[in-house]
Protein chains: 2
Amino acid sequence: MTPRPRTRIQRKNMNVILDAGLDVFSQHGFRGATLDQIAQVAGLSKPNLLYYFPSKEAIHVTLLTRLMDTWLDPLRDLDPEGEPVAELTAYVRRKLEMSRDFPRESRLFANEIIQGAPRMQEVLTDHLRPLVDEKASVIAGWMAEGRIRAADPHHLIFSIWAMTQHYADFDAQLCAVLGPRYDARFEEAEVFLETLMRRLLSPGGA
Amino acid sequence: MTPRPRTRIQRKNMNVILDAGLDVFSQHGFRGATLDQIAQVAGLSKPNLLYYFPSKEAIHVTLLTRLMDTWLDPLRDLDPEGEPVAELTAYVRRKLEMSRDFPRESRLFANEIIQGAPRMQEVLTDHLRPLVDEKASVIAGWMAEGRIRAADPHHLIFSIWAMTQHYADFDAQLCAVLGPRYDARFEEAEVFLETLMRRLLSPGGA
DNA sequence: TGCTGATTTGACCAATTGGTCAATGTCACG
DNA sequence: CGTGACATTGACCAATTGGTCAAATCAGCA
């Protein structure tokens with residue numbers, strides 16, 4: 001689908017196009033985005049886009065594939081040998097950092113899922129699901145050993161996704177509701193979520 | 001913007017159109033939706049749509065406005081005189097029920113917010129923000145009285161929104177990850193979220 | 001320098017977009 | 001059974017869509 005970049009120029013332009021595509025797709029979704037818009041943001045002509053990518057969909061698929069590579073890293077990093085509460089709060093912190101540092105990627109993903117994930121079914125079932133099941137059973141193990149309080153591990157993971165990605169995906173709402181406190185939203189969120197995780201999971205309920 | 005329906009036929013057709021619009025807008029966002037698609041789902045001709053609504057945007061705006069009316073009811077119902085933990089778990093339960101019973105409405109809202117809420121800024125700052133501030137101070141009052149454990153009330157509300165709406169907005173992801181457990185997702189979520197809220201808020205940390 | 005392949009684009013295309021309008025059909029009510 | 005308002009639509013429009021292509025330009029190398 002995506003030709004391997006061979007020259008300097010190819011690498012540079014493909015990155016420019018993907019960055020522009022990320023801008024536009026994350027803001028309007030696949031169907032709402034147009035090649036003209038992407039070309040304009042990229043500073044290239046439309047035929048030039050199609051010299052590097054065979055179609056609009058190819059740009060989108062390339063973005064989603066590259067995204068999934070790094071998107072799940074925080075969950076992969078969950079260490080079965082680590083201290084349970086520390087591991088899970090660290091996971092939340094990493095996810096929150098991703099929402100802060102890569103909001104466009106989060107929104108691209110959210111758009112795709114909300115619209116039924118038509119171009120991601122296989123990657124979700126083939127890669128995401130096994131990873132989630134694996135980490136859920138690690139968490140279940142911790143719970144069985146009494147190292148953290150019991151709660152459905154899958155829904156625990158879903159809640160962590162929901163709460164952390166919310167700060168990227170619903171940014172416009174936060175901005176409207178928080179007013180002047182908007183600038184501190186990530187610091188406040190980190191404190192709040194750490195408290196939440198600790199009370200939910202710490203054996204003492206601390 | 002939207003003419004008041006005068007006849008039976010008008011009322012019926014406007015509802016048919018709005019329902020079709022909800023289908024299409026919630027799946028593709030504003031720019032990704034087309035009048036032809038809405039007309040097809042509604043079972044009407046395109047010029048007939050435009051006989052009842054002056055433009056594509058008018059349908060969208062009407063949907064959003066009607067939605068906001070009922071979307072915030074669960075939060076409005078939060079009773080300052082009630083028992084704090086019971087009130088907040090009831091709020092979570094009502095929000096979760098809305099995700100279960102009105103997933104299209106949730107996705108319509110999510111699409112609009114993700115795309116920067118270009119058509120909702122004023123309703124967010126004029127209606128949502130005052131309501132959130134009011135309820136946040138109710139919650140803060142409960143915390144100050146020691147009736148629930150302390151935590152940032154605004155971020156508590158955000159987390160409740162995130163976790164409950166996640167079950168509507170990211171349905172495709174849940175389906176892929178949960179597999180056969182997918183059918184029980186709402187029952188499981190209710191149990192999980194009740195546990196979470198209780199541990200987070202109950203003075204004993206129960 | 002000249003050559004060759006990589007890069008860029010103006011012009012173009014068929015299909016689709018949101019929207020208009022005149023003509024037609026239908027319904028309620030006197 | 002008229003008749004006037006309500007309802008419906010086929011035909012059409014200009015603009016935009018994703019995508020093509022031949023011609024022009026550029027970069028690097030012998």
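Order of the sequence lines sets the chain letters (A, B, ...), proteins ahead of strands, with each chain counted from 1.
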* Indicate whether any N or O donor in one side chain lies under 3.5 Å from an N or O acceptor in the other, for Y91(B) and R94(B). => no

* Between dG19(D) atom P and L35(A) atom CG, what is the distance in whole Å? -> 6 Å

* What nucleotide, of dT8(C), dG19(C), dT17(C), holds the atom closest to the side chain of R31(A)? -> dT17(C)

* Asked: Are the charged groups of R198(A) and E194(A) less than 4.0 angstrom apart, N to O?
  -> yes

* Looking at every strand, decide which applies to A33(A) at a 4.0 Å heavy-atom threshold: base, sugar-phosphate, or nothing. => sugar-phosphate

* Asked: Hey, is D69(B) close enough to R66(B) for a salt bridge, meaning N to O under 4.0 Å?
  -> no

* Asked: Below 4.0 angstrom, N of the basic side chain to O of the carboxylate: do R104(A) and D19(A) qualify?
  -> yes

* Asked: When all nucleic acid strands are considered with a 4.0 Å heavy-atom cut-off, which category describes L44(A): base, sugar-phosphate, or nothing?
  -> nothing

* Asked: Rounding to a whole Å, what distance do you find between N13(B):CG and dC27(C):C1'?
  -> 14 Å

* Asked: Are OP1 or OP2 of dA6(C) and a side-chain N or O of Q10(A) less than 4.0 angstrom apart?
  -> no

* To do: Calculate the interatomic distance between K46(B) atom NZ and dT16(C) atom P; express it in whole Å.
  => 11 Å

* Asked: Separation of M14(A) atom CE from dA6(C) atom P, in whole Å?
  -> 15 Å

* Ignoring the backbone of P47(B), work out which of dA7(D), dC21(C), dT17(D) is nearest its side chain. => dC21(C)

* Among dA28(C), dT17(D), dT8(C), find the nucleotide with the atom closest to the side chain of D36(A). => dT17(D)

* Structure fact -> Residue pair I9(B)/T34(B) against DNA chain C: nearer the 5' end by closest nucleotide is T34(B)

* Over how many whole Å does the gap from Q40(A) atom CD to dT9(C) atom P extend? -> 14 Å

* How many Å lie between OH on Y51(A) and P on dG18(D), as a whole number? -> 22 Å

* Asked: With respect to the side chain of N48(A), which nucleotide from dT17(C), dT17(D), dT8(C) is positioned closest?
  -> dT8(C)

* **Stepwise side chain to side chain contact (heavy atoms under 4.5 Å, CB included) check, I139(B) with L78(B)** => CA-CA 10 Å; I139(B) 295 171; L78(B) 197 79; 4.2 Å; yes

* Spacing of L49(B) atom CG relative to dT17(C) atom C1', expressed in whole Å -> 14 Å

* To do: Using a cut-off of strictly less than 4.0 Å, decide whether R8(B) has a side-chain nitrogen or oxygen near OP1 or OP2 of dC27(C).
  => no

* NA contact type, L50(B), heavy-atom cut-off 4.0 Å: base, sugar-phosphate, or nothing? -> base

* Round to the nearest Å and state the distance from H28(B) atom NE2 to dT16(C) atom C1'. => 15 Å

